[in-house]
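For reference, the structure discussed in these notes is given below.
Keep in mind the model is a prediction, meaning the values are calculated, not measured. All values below were derived from every heavy atom in this structure, side-chain atoms included, with hydrogens, water molecules and symmetry-related copies excluded.
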2 protein chains.
Amino acid sequence: MIKKTSLSDIAQKLGVSKTLVSLVLNGKGKEHRISDVVCKKVMEVAREMNYQPNQLAKSLRTGKTNTIGLIIADIANPFFGKLGREIEKEAARKGYRVMFCSSDESAEKSKLQIEMMLQGHVDGFIISPPMNSEEQIRDLSRSNKPFVLIDRFFPEIDSNYIIVDNQEAAYNATTHLIARGYKKIACITVNADLVNMKDRLIGYKKALLDSGIKLDKNLVKELQFSHESKDVFKAIKQLTGKNKDCIDAILFTTSKVGIMGIESLNVLGLNIPNDIAIVSFDDPDAYKICYSPVTTMAQPLTEIGKMAVQVLLAEIKNPGSSIKTQKITLKTNFVIRKSCGS
Amino acid sequence: MIKKTSLSDIAQKLGVSKTLVSLVLNGKGKEHRISDVVCKKVMEVAREMNYQPNQLAKSLRTGKTNTIGLIIADIANPFFGKLGREIEKEAARKGYRVMFCSSDESAEKSKLQIEMMLQGHVDGFIISPPMNSEEQIRDLSRSNKPFVLIDRFFPEIDSNYIIVDNQEAAYNATTHLIARGYKKIACITVNADLVNMKDRLIGYKKALLDSGIKLDKNLVKELQFSHESKDVFKAIKQLTGKNKDCIDAILFTTSKVGIMGIESLNVLGLNIPNDIAIVSFDDPDAYKICYSPVTTMAQPLTEIGKMAVQVLLAEIKNPGSSIKTQKITLKTNFVIRKSCGS
DNA sequence: TATATTCGCTAAACCGTTTTAGCCTAAAAA
DNA sequence: TTTTTAGGCTAAAACGGTTTAGCGAATATA
């Protein structure tokens, strides 16, 4: 209804220039030796008129938006939801807001989203880049907007990134299974072309190799990029096949497949860990209340989020620092529960 | 590195006015009878120079941001995560982006968040208002920004809102338990002052009443606003108390308490549904893969999200329509699984 | 007394768009 | 021939701030 009050409104009311008002309200009164009396008056009137600066105008002039653009696969996926939350928290602490976009792991979508946010909306990006998005990331490097990749990265592109040691994690998970006597260990994975997933597969294979177990390629199932419950079900059906003894354990490389996997095992009437043991990545609530709580490689989401924001803001504040990119690899947290027997 | 190209750059290159360029690029060439030759040239050069309009400037001038502000309790909570995603989807379909804020159910935070976004960032709000935020919502009504409340609302404030029939849902859930022979039905709830939670409690009580079961106030546990696992654990410990027969079923009013509740029952070695049957609200993944998949009142998240966006955009596009507020109540979806026996 | 310095403040440009008002020329109508 | 109309385009204001450059009076210094 009522027009919002602007700088000029205050200036007019007091019979001073809007320059003065701007300076005072930005705390630069002293610095520009505006008299205390006037400063007080300005602040008083600003409060009276409930002045709220228009951030758009501010941003337009200063080139700063105090907003971070976040592109992840899907905010509804608890893994990204929690990560997003951590990023939001750390950003808020530093006076930044965040604009979320879910790319659905689609390169076209993420391209559009980057382009959109590049139209003045954000000061920088935190991105979990989908497959085949190398080009957009390279394009982004050429713009002057800082960015940090999370969860995955592109080895051939020199950029900031925060990831976990996926190879080691998968190695440990697999070794854990082997140590408990499991021998026919399957692996169900997805997005197999992304480095993080590649690394998980490498870790899995390496663990088998180091334990003298021959890799059976039929035991590795790479799901489609956009996987649904029925795809996981089909994979498990194939793996368990005719007789129950085809496999005795499964490594799920994400919690999304893991959850679908458990559902499928339930449908097939297979007990965890008696019929089949499982290990997974990530740590959704579901894993805690499963009848056989799931042993899993939890990612340090708080730390990933914090570091991503910190690295990004450091670069936003000092564009010169981009000379050296930050490549950070964190450890996963091995949570041992009951899904591999006891 | 390279300065972004602006309207003037294109204008200068072609020796025309930026007015003309703006008109052409906004598809108003014909309307303003700019010659076809010039139109073509402009569009060509714009593409060549990779022109991307500065949305800040655009927004400043037009007063439109094409952004929706979304305030929910916690984007990491799968319920809000999924809801947020639906809102993001519908908004994207209509050419809007969304700025997420997690309020942690804190009125102070949501106040700050509303104020922040009111500084020019958004065209309207979708809000899940925390307790004690009536005043901010009233203030918001006085600004000229449209908004829609979701999940809860304030009866004494005339506003748009999209909710579900919580009373009926809780009534049905409780009746379901009673029909299966359970008699000592506890209810663990939270944020009990919010209407949605109040209604769930009313539904629960009404169901008991209608079945001739006397309400035992000791069986209703209202948790603190910021509840953690240990609080739920304590509540359940009290409920099950000395002998196992104190209660035979529990109604959880949110999935967050529900999940914590199942964890607690596990710790206490109580079997679902043999020792204690449970019913809940919402439908997180966890409920599907619980050893005893949880019977629950799932909310129609897609519809809620869609309607919220549609109602909001209708009002954004036609501010006059706010004469009549939209109050929409949807049905929950009763998903029967195994947690109440079979 | 003349000059330099400090003090307190402001005009105007600028950020990159949209939009209003209107100019000039050529063709059509009177 | 004069007046309208139409065609094709532009200057300048506006959105709401920040920032640069600098002005005039009072005080301090030489």
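For B:E31 and C:dT19, the CD to P distance is 10 Å, given to the nearest whole Å. One can place NZ of A:K41 at 17 Å from P of C:dG8, the figure rounded to the nearest angstrom. In this structure, A:Q12 atom CD and C:dA11 atom C1' are separated by 16 Å, rounded to whole Å. Taking atom NE2 of A:H32 as the reference point, atom P of C:dT10 lies 14 Å away to the nearest angstrom. Between B:K64 atom NZ and C:dG16 atom P there is a gap of 23 Å when expressed in whole angstrom units. With rounding to whole Å, B:I34 atom CD1 is found 12 Å from D:dG7 atom P. As rounded to whole Å, 15 Å separates atom C1' of D:dA14 from atom CG of A:L56. Atom NZ in A:K58 sits roughly 13 Å away from atom C1' in D:dT19 (whole-Å rounding).
Of the possible donor and acceptor atoms, one in the side chain of A:D123 sits under 3.5 Å from a partner among the backbone N and O of A:N66. Side-chain N or O atoms of A:E134 include none that pairs as donor or acceptor with a backbone N or O of A:F154 at under 3.5 Å. A donor-acceptor contact shorter than 3.5 Å links the side chain of A:S17 to the backbone of A:L20. At least one donor-acceptor pair closer than 3.5 Å links the side chain of B:K327 to the backbone N or O of B:S159. Side chain of B:E315 to backbone of B:F147: no donor-acceptor contact under 3.5 angstrom is found.
Taking the six-membered ring where the residue is Trp, B:F100 and A:F100 present perpendicular rings, their angle passing 60° and hence far from 30°.
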Next on the checklist: Apply salt bridge (charged side-chain N to carboxylate O under 4.0 Å, His left out) to residues B:D36 and B:K30 and explain how you reach the verdict.
Outcome noted: CA-CA 8 Å; B:D36 287 0; B:K30 279 268 152 336; 2.9 Å; yes
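When each of B:R33 and B:A57 is assigned the nucleotide of DNA chain C with its nearest heavy atom, B:A57 is the one assigned upstream, toward the 5' end.
Of all the residues in residues 15-27 of chain A, A:K18, A:T19, A:S22, A:N26 reach under 4.0 Å from DNA chain D with at least one non-hydrogen atom.
For D:dT19, the OP1/OP2 oxygens have a side-chain nitrogen or oxygen of A:K28 closer than 4.0 Å. One finds a side-chain N or O of A:S35 lying less than 4.0 angstrom from the OP1 or OP2 phosphate oxygen of C:dC9.
You won't find any donor-acceptor pair under 3.5 Å spanning the side chain of B:R61 and the base of C:dT17, going by distance alone.
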